[in-house]
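What follows is a set of notes on a single structure, which appears directly below.
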Amino acid sequence: SLSSNIVLALHFASSLALPPASSDAGPWKAPGEGDDRGPCPMLNTLANHGYLPRNGRNISKDMAINVLDQVLNWDATVVSDLYDFAQPTNPQPNATTINLKELTTHNILEHDASLSRQDSGFGPADVFNSKIWNETVAHFTGDTIDVEMATKARTARTIAAASTNALFTFPQLGMNFQYGETAAYQFVFGEWNLDAEDVKNRILTPKNYIEYFSKKERLPTELGWEKPANRLVMDTLQSFTVSMMQLTQTQMDEAA
Ligand code: HEM
Ligand code: MG
């Protein structure tokens, strides 16, 4: 019958999605002994929820694409590129997986001037650092983070790192990646208004989501956050990133 065909079709569609990395995916658990984490608060978070392997190891490209699709509504056009940038952090020849801890290898993807981590010249660049994070949060001057605050926090951190770290470097990849990261948290946790005339209103992000996520490496579901309704594709990421760079330039011109 028609209705049983629909049931069958739905069943087939859901079976196409790869199963989550572990059978206990969903509930948050702090990393246990022997579990590795890295410098990316979101990949750590996804491992803490068991969407990625809780040990933080052996993450394949297919797994990354499927998990970021299912949990965050990120399109493969974004995740595929991101994953490819990360692949060289696995030192094994012809590796087809990445490991969260190895993402910390300095200046492959990990870079100085992170929003919540110290520069590698001062010590481990993978763990959350509350002193650095508090400097970042100081730029979030309301309950809602607008794009102007997000870019100011980004720029201020770069200036602070460059002026205090004798070993400071910022290669081109990190230079671009930093904007991608600042875009990323807004895309995941903010309300999208990408057609807004004023750049600063294009995404409005509840500050409590960001505080919770950054400190706990946990999805802020209990605060009301839900998987974004909008799908993030590469074109959107690129145009938003460009508008943030332009806004940064304006802010620097005004400050000069
Ligand atoms: C930072 C990798 C997905 C948000 C980082 C860093 C790496 C990384 C290596 C460290 C850079 C540094 O600050 O030195 C990846 C890879 C991903 C991925 C390979 C996917 C395959 C995501 C997603 C989000 C995200 C989906 C969404 C919120 C962030 C943020 C930072 C970051 C906000 C900056 C943290 C800080 O500055 O302290 N990521 N990431 N990432 N990532 Fe990811
Ligand atoms: Mg860093």
Side-chain angles (χ1 to χ4, degrees), residues 37-47 51-52 56 59-90 97-137 145 150 153-158 160-161 165 167-171 173-190 203 205 209-215 217-220 225 227-228 231-232 237:
R37 294 293 180 265
C40 177
M42 181 53 88
L43 296 182
N44 290 352
T45 296
L46 295 170
Y51 294 118
L52 292 175
I59 298 164
S60 69
K61 185 170 183 173
D62 280 351
M63 195 189 284
I65 288 175
N66 276 286
V67 168
L68 271 68
D69 169 23
Q70 288 173 28
V71 183
L72 304 177
N73 207 1
W74 279 31
D75 191 74
T77 52
V78 176
V79 182
S80 176
D81 279 13
L82 255 175
Y83 183 92
D84 290 346
F85 282 122
Q87 186 62 84
T89 59
N90 186 333
T97 57
I98 58 172
N99 302 301
L100 296 188
K101 194 175 176 181
E102 289 168 357
L103 291 174
T104 318
T105 309
H106 189 49
N107 280 345
I108 296 183
L109 271 184
E110 193 285 317
H111 55 76
D112 284 339
S114 297
L115 299 171
S116 64
R117 268 68 174 164
Q118 66 186 348
D119 287 2
S120 69
F122 293 122
D126 52 348
V127 288
F128 177 80
N129 181 303
S130 55
K131 184 177 164 280
I132 304 275
W133 178 244
N134 288 341
E135 287 174 28
T136 296
V137 172
I145 304 167
R154 188 49 276 166
T155 306
R157 180 65 189 118
T158 305
N165 176 7
L167 301 172
F168 181 79
T169 55
F170 224 153
L173 185 63
M175 202 70 161
N176 294 328
F177 215 66
Q178 57 160 338
Y179 284 100
E181 292 151 12
T182 284
Y185 73 72
Q186 294 174 89
F187 281 127
V188 169
F189 298 113
I203 304 185
T205 308
Y209 288 6
I210 295 300
E211 281 272 43
Y212 181 103
F213 159 73
S214 301
K215 287 183 176 157
E217 301 199 325
R218 180 174 187 156
L219 294 170
W225 176 83
K227 173 181 172 176
R231 189 163 180 78
L232 182 68
L237 176 60

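Whatever order the structure lists ligands and atoms in, that order sets their numbers, starting from 1. Just so you know, these numbers use all the heavy atoms, side chains as well, and skip hydrogens, waters and symmetry mates.
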Protein N/O near ligand 1 N/O, under 3.5 Å, which pairs?
residue  : atom   : partner : partner atom : Å
ligand 1 : 13 (O) : Ser114  : OG           : 2.5
ligand 1 : 14 (O) : Glu110  : OE2          : 3.1
ligand 1 : 14 (O) : His111  : N            : 2.9
ligand 1 : 14 (O) : His111  : O            : 3.0
ligand 1 : 14 (O) : Ser114  : OG           : 2.9
ligand 1 : 37 (O) : Leu115  : N            : 2.7
ligand 1 : 38 (O) : Leu115  : N            : 3.3
ligand 1 : 38 (O) : Ser116  : N            : 2.8
ligand 1 : 38 (O) : Ser116  : OG           : 2.5

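Leu68 has its side chain out of reach of Tyr51: every pair of non-hydrogen atoms, C-beta onward, lies at least 4.5 Å apart. In this structure, the side chains of Leu219 and Val71 come closer than 4.5 Å at one or more pairs of heavy atoms.
A donor-acceptor pair shorter than 3.5 Å cannot be found between the side chains of Ser60 and Asp62. With hydrogens and angles left out, the side-chain atoms of Asn73 and Arg231 include a donor and acceptor closer than 3.5 Å.
Glu110 has its closest N, O or S atom to the Mg ion (ligand 2) at the position named OE2. Taking the Mg ion (ligand 2) as reference, the nearest N/O/S atom within His111 carries the name O.
By the 6.0 Å contact criterion, NZ on Lys101 is open, its count of non-hydrogen atoms from other residues, nucleotides or ligands being 12 or less.
The nearest N, O or S atom of Ser120 is not closer to the Mg ion (ligand 2) than 2.8 Å.
Remark: Tyr185 pairs with no residue by the ring-ring contact (aromatic ring centres under 6.0 Å, His included) rule, at least two apart or across chains.
Ring orientation note: the planes of Phe177 and Phe85 are nearly perpendicular, at an angle over 60° on the 30°/60° scale.
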